[in-house]
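Below is one structure, written out as C-alpha cells; comments come after it.
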Amino acid sequence: MTLKEILAKNVTNGRIFAIEARTEKKGLKGIRFIKHTTLTAQWGVNYSHVAAVRETVEKSGGAKPNWFEHTEYDSIVRSKKDPTKLYLQIMNPRGFHTDYFLMDGTPVTKADLIAMGAIKDTEAEKPVTLVYALESIVSITYKESKEIKVKEAIAA
C-alpha cells in the first residue's frame, strides 16, 4: 500500500487492524521465497505497553532501533539509510498466520525452508512491535469496536 492509502484510513492510536503483508525474502543459502502473513495488530502507540518496551530495551543493553526514525505520522517510520523507504510500525501483533512459497509459487512449509537451509530453526520471543515496508502491505482492514464507537458518539 502507499502512504496515501494508509493515511486515508483516518485512524487513531490504539485501533485494531487486520494486516496482510507479502514479503520477498532471501534465505541463508540464497534461496529466495515469499512470506505471506496475516495478523491482527494495533495501530500507533499503546501506552500500556511502554513499560514492556522499556524493559526490552534495558535487557538488550539499552540498544534502541537505530535503523529508522519516526515521521510526523504515529505509525510510519523512515529508514535512516534511505529516507524514501517508509515502514508501518505496529504494536501488539497477534494471531499470526504465515504461508511460505518459493519464487515460482510452489507452497512450502517453514520446516521445508529450515531443511533447505533457507532459514534458521530458532524460536523467537513474541515481538512487541513489528515493521513492514509499505509496499509489502497488501491490505489493512479496520476492526471497529463498541468502545471506540461509544467514544466517537460522545465526542460528536
Side-chain angles (χ1 to χ4, degrees), residues 1-28 31-101 103 109-110 113-114 118-152 155:
M1 295 183 79
T2 65
L3 177 61
K4 187 176 180 179
E5 290 170 327
I6 290 172
L7 295 177
K9 296 285 185 185
N10 195 26
V11 295
T12 58
N13 278 344
R15 293 199 179 178
I16 304 298
F17 283 81
I19 296 174
E20 178 183 3
R22 186 177 176 98
T23 310
E24 289 187 17
K25 300 276 190 178
K26 184 176 180 183
L28 300 173
I31 297 170
R32 298 185 65 80
F33 61 96
I34 296 168
K35 181 178 180 182
H36 183 256
T37 305
T38 55
L39 60 105
T40 303
Q42 198 162 3
W43 182 276
V45 178
N46 176 2
Y47 295 101
S48 67
H49 217 60
V50 170
V53 172
R54 284 190 190 128
E55 186 178 316
T56 302
V57 169
E58 287 172 13
K59 283 182 182 176
S60 65
K64 295 180 183 177
N66 59 4
W67 66 271
F68 68 81
E69 60 190 8
H70 289 274
T71 66
E72 63 271 26
Y73 307 107
D74 290 328
S75 293
I76 306 296
V77 297
R78 140 182 21 262
S79 166
K80 286 183 179 177
K81 193 174 188 178
D82 179 359
T84 64
K85 191 84 169 147
L86 297 174
Y87 298 84
L88 176 67
Q89 181 182 29
I90 56 176
M91 300 289 291
N92 300 329
R94 59 187 177 274
F96 287 89
H97 177 78
T98 303
D99 294 309
Y100 299 93
F101 303 89
M103 294 306 290
T109 65
K110 184 176 182 180
L113 290 170
I114 292 168
I119 58 178
K120 292 181 182 180
D121 182 14
T122 56
E123 288 296 318
E125 289 184 34
K126 180 183 172 192
V128 174
T129 64
L130 289 174
V131 291
Y132 284 96
L134 295 190
E135 65 269 8
S136 72
I137 298 171
V138 176
S139 68
I140 299 175
T141 307
Y142 170 58
K143 294 185 174 186
E144 292 200 37
S145 71
K146 289 180 184 178
E147 180 183 335
I148 290 174
K149 285 182 183 178
V150 169
K151 285 180 183 177
E152 289 173 349

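Numbers here are sequence positions counted from 1. In what follows, every heavy atom counts, from backbone to side chain, and hydrogens, waters and symmetry copies are set aside.
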Rounded distance (nearest 0.5 Å) linking atom [atom1] of [X] with atom [atom2] of [Y]:
X    : Y    : atom1 : atom2 : answer
R22  : T37  : CZ    : OG1   : 10.5 Å
L88  : I76  : CG    : CD1   : 5.0 Å
E24  : F33  : CD    : CZ    : 11.0 Å
T40  : H97  : OG1   : NE2   : 12.5 Å
K110 : Y100 : NZ    : OH    : 5.0 Å
K35  : L113 : NZ    : CG    : 10.5 Å

Closest approach of [X] to [Y] (non-hydrogen atoms, all atoms of both residues):
X    : Y    : result
K85  : A133 : NZ-CB, 4.0 Å
K80  : F68  : CE-O, 3.5 Å
I114 : K120 : CG1-O, 4.0 Å

Which of these passes side-chain contact (heavy atoms from CB on, under 4.5 Å) with Y87: V77, L134, T71?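 Of all the options given, the one that passes is V77.
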